[in-house]
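For reference, the structure is listed below as structure tokens.
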Amino acid sequence: MVFSCGTALCEENKEEPGYTGEFLDTRVPEQNYIFVKSALTVFSNRWGPAPRTEEEREGQVWDQLLLSYEAFRRNIDVTQEEVDAEITNLLQEYKVEFDWKQDRESFESWVKEKAGEPAELFENQIRHLLQVEKLRRTIIESIQPPVTEDEAYQSFFDEYSSLSIELAQFDDKEEAEDFYRKARRKPKLWDKGKEERPDAFRKPGFVSLQFLMDIWRLPKDAVHKMLKMRKGDLYGPSPIYKGYAVFQILEARQADKKEFAKVKERYFDKVKRRKQHEGYNDWFKGFKEQANIKVYSKEGGQGE
């Protein structure tokens, strides 16, 4: 049995293919690699950030190849009806007016224009993506983590508590610490710094703690400490999504604990879903290590 996903399935190949690598003691034909790489080019990465470098792109190709193979081993199939429904939804997003099933010529022209490939390949790529998504859902739904009331309340608290801050951004920690020490001694230095470096001072708005943690990448302990501070107080330095920042508190509002009872079940579900996705990530990390992916060198030999 040779692993092949030219139609998003593993099949017996009639002709001996060239190989680009192996995992789980199974060689991966070059046609599989090319197929998945083209799918990533057309549809980008559905389950995470788009690749920014060629190294990231290669990693995502091999991740999808491994998941596709595991879907085959688990007999996860995709029906033609599911493929058709996905194509219909996709065309609706693009506000396409023709009936793609009845007007095949228009559909083929549209795919050629948008993806630069034949319609049959396009459909097979969609089948592959649906198959991988089915595998992901199967694994995620098999994980049933316990959720405590404290965990649910903490999630509620982080979304219902809000902070308005102004931050001064720096490239390195030492520079941020120096500004923080001086601004605490001389409060007017904050406004002076804003005049000298206006692009470095930002106001995210009056937003939830969760927003600051998710979007600005502020540490959890930092936002919780800032929530208890008074207007005008300075906090920092602390890492953010890029570099470090010093913060001035503009406004803070803690969640009303009495509101939790009204939305408790929603936050139990939310924490459960987060744990399920964390569990999936842990599963895939272990599965990938077990797979022992080996990529052959372009010269035809084998290499890591």
>> I need the minimum non-hydrogen distance between Thr20 and Pro29, along with the two atoms involved.
In response: OG1-O, 4.1 Å

>> Please check if the number of heavy atoms outside Asp171 that lie under 6.0 Å from its CG is greater than 12.
In response: no

> What's the shortest heavy-atom distance between Lys173 and Tyr244, and which atoms?
Replying inline: N-CD1, 3.5 Å

>> Show the nearest heavy-atom pair for residues Ala119 and Arg104, with the distance to one decimal.
In response: CB-NH2, 3.8 Å

>> Please say yes or no: joined through hydrophobic side-chain contacts below 4.5 Å, possibly via intermediate residues, are Leu234 and Phe201 part of one cluster?
In response: yes

> Do the rings of Phe23 and Tyr69 sit parallel, tilted or perpendicular, given the 30° and 60° boundaries?
Replying inline: tilted

>> Between the side chains of Lys37 and Glu58, is the shortest nitrogen-to-carboxylate-oxygen separation below 4.0 Å, so that they form an ion pair?
In response: yes

>> Count I, L, V, M, F, W, Y as connected when their side-chain heavy atoms are under 4.5 Å apart, and connections chain through other members. Are Leu163 and Leu218 then in the same cluster?
In response: yes

> Side chains of Pro145 and Gln276: does their closest heavy-atom pair fall under 4.5 Å?
Replying inline: yes

> Going hydrophobic residue to hydrophobic residue with side-chain gaps under 4.5 angstrom, can you get from Val61 over to Leu130?
Replying inline: yes

> In terms of hydrophobic clustering (I, L, V, M, F, W, Y; side-chain heavy atoms under 4.5 Å; direct or indirect links), are Leu167 and Phe170 co-clustered?
Replying inline: no

> Do Trp216 and Phe247 share a hydrophobic cluster (ILVMFWY, side-chain heavy atoms under 4.5 Å, transitive)?
Replying inline: yes

> For Val111 and Pro118, which heavy atoms make the closest approach, and how far apart are they?
Replying inline: CG1-O, 4.0 Å

>> Against Val132, only a single residue in Val36, Val78, Leu67 fulfils side chain to side chain contact (heavy atoms under 4.5 Å, CB included); can you say which?
In response: Leu67

> Relative to each other, are the rings of Phe287 and Trp283 parallel, tilted or perpendicular (30° and 60° limits)?
Replying inline: parallel

>> The test is side chain to side chain donor-acceptor pair (under 3.5 Å); show your working for Gln80 and Asp84 and say whether it passes.
In response: CA-CA 6 Å; Gln80 187 60 47; Asp84 290 350; 2.9 Å; yes

> Heavy atoms, side chains only, cut-off 4.5 Å: are Ile249 and Arg230 in contact?
Replying inline: no

>> Give me the atom names and distance for the closest heavy-atom approach of Pro219 to Pro239.
In response: CD-O, 3.4 Å

> At what distance, to the nearest 0.5 angstrom, does NZ of Lys228 lie from CG of Asp233?
Replying inline: 14.0 Å

> What is the ring orientation for Tyr33 with Trp62, classed by angle as parallel under 30°, tilted 30 to 60°, or perpendicular over 60°?
Replying inline: tilted

>> Taking the side chain as everything from C-beta on, heavy atoms only, tell me whether Lys203 gets closer than 4.5 Å to Leu250.
In response: yes

>> Set out, in order, the CA-CA distance, both residues' side-chain angles and the distance that settles side chain to side chain donor-acceptor pair (under 3.5 Å) for Asp158 and Gln154, then state yes or no.
In response: CA-CA 6 Å; Asp158 289 342; Gln154 188 63 65; 3.1 Å; yes

> Does any non-hydrogen side-chain atom of Lys114 lie less than 4.5 Å from one of Phe122?
Replying inline: no

> So which heavy atom on Leu227 is nearest to which on Arg253, and how close?
Replying inline: CD1-O, 3.8 Å

> Any Lys/Arg nitrogen of Glu278 or Lys275 sitting under 4.0 Å from an Asp/Glu carboxylate oxygen of the other?
Replying inline: no

> So does Asp178 pair up with Lys182, basic N to acidic O under 4.0 Å?
Replying inline: yes

> Centroid-to-centroid, Phe98 to Trp110, below 6.0 Å?
Replying inline: no

>> Between Gln60 and Trp47, does the side chain to side chain donor-acceptor pair (under 3.5 Å) criterion hold? Intermediate values first, please.
In response: CA-CA 10 Å; Gln60 291 179 10; Trp47 305 288; over 6 Å; no

>> Please verify the inter-ring angle class for Tyr280 with Phe284; under 30° counts as parallel, over 60° as perpendicular, anything in between as tilted.
In response: parallel

> Using a distance-only test with no angle check, is there a side-chain donor-acceptor pair under 3.5 angstrom linking Glu22 and Tyr296?
Replying inline: yes

